[in-house]
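Contents: one structure, followed by commentary.
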Amino acid sequence: MPQFAGRPETYSHAPHRIALIGFMGSGKTTVGRMVAARLGYRFLDLDVLITENAGKSIREIFEEDGEEAFRQIESDALYSVREMNRLVIATGGGAPVRQENQEFFENLAATFYLEVSFEEFLSRTGRDHARPLLDRSKKQLEKLYKSRVPIYRGLGQRIITDSRKPQDVAAEILKKLSVV
Ligand code: S3P
């Protein structure tokens, strides 16, 4: 029986692993740090782990090795944390898309989907050079956004983030984890 099968709305005790998923600019890192601090858990940003493993930035991996190579490093990094306990992990926006990564979000972590609207994503991220996907046109980004929303919704408990402070988003997650 998978640990988190059926994904309860609330938890009677904090799970070993908490994953935050969502599109770029949804606040996964900021909120994840807050949730981890409150729980006394370790916080990990999967993108940081990837850059440490690869010895170069996300943009460099995309430009020198290509997106597929990045996705493989991302899957390997996620696999490497699958047994860590007392962990809050913020994953890059594309991590939940690959089927081989989905078991982690479905069965090995309590997963929360931080939902940001497309318009708010645009205003939060601007033209951040560190994020190679932002080189795409607005139309391409909207298509990507729309293709991912159903995946995120299928894997995580949805938490609205538009017009909300990260503290409030973190508080909602902690409440669902029965930590107040
Ligand atoms: C990506 C999101 C980024 C990073 C990479 C690809 C994506 O992470 O993993 O640039 O495919 O959405 P953030 O969601 O933390 O920006």
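Only this structure's heavy atoms are used, side chains among them; waters, hydrogens and symmetry mates stay out. All ligand and atom numbering here is 1-based and tracks the order in the structure.
Residue pairs that meet the ring pair (Phe, Tyr, Trp, His ring centres under 6.0 Å) test with at least one member in residues 67-100, sequence neighbours left out, are Phe62-Phe70.
Among Arg71, Lys28, Arg59, the residue whose heavy atom sits closest to atom 14 (O) of ligand 1 is Lys28.
Protein heavy atom closest to atom 16 (O) of ligand 1, with residue, atom name and distance, is Arg131 NE, 2.6 Å. What sits closest to atom 8 (O) of ligand 1 on the protein, heavy atoms only, is Asp47 OD2, 2.7 Å. Of the protein's non-hydrogen atoms, Gly93 N, 3.4 Å is the one closest to atom 2 (C) of ligand 1.
Using a non-hydrogen distance threshold of 4.0 Å, Arg148 registers as a contact of ligand 1.
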_For Arg59 and Glu64: C-alpha separation, side-chain torsions, deciding distance, then whether salt bridge (charged side-chain N to carboxylate O under 4.0 Å, His left out) applies._
CA-CA 8 Å; Arg59 174 169 285 282; Glu64 293 168 17; over 6 Å; no

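The proximity of Leu133 to ligand 1, defined as any non-hydrogen pair under 4.0 Å, is limited to the side chain.
Glu74 contributes atom CD, which lies 7.5 Å from atom CD1 of Ile58 (distance to the nearest 0.5 angstrom). Annotation: the span from Ile160 atom CD1 to Asp168 atom CG amounts to 13.5 Å, rounded to 0.5 Å.
Contact check on Glu106 versus Arg82 returns no salt bridge, with no Lys/Arg side-chain nitrogen under 4.0 Å from an Asp/Glu carboxylate oxygen. Looking at Asp65 and Lys56, a side-chain N of the basic residue comes within less than 4.0 Å of a carboxylate O on the acidic one, giving a salt bridge.
Listed by number with element, the atoms of ligand 1 under 4.0 Å from a non-hydrogen atom of Ile58 are 5 (C), 10 (O). Listed by atom number, the atoms of ligand 1 under 4.0 Å from Pro132 heavy atoms are 10 (O).
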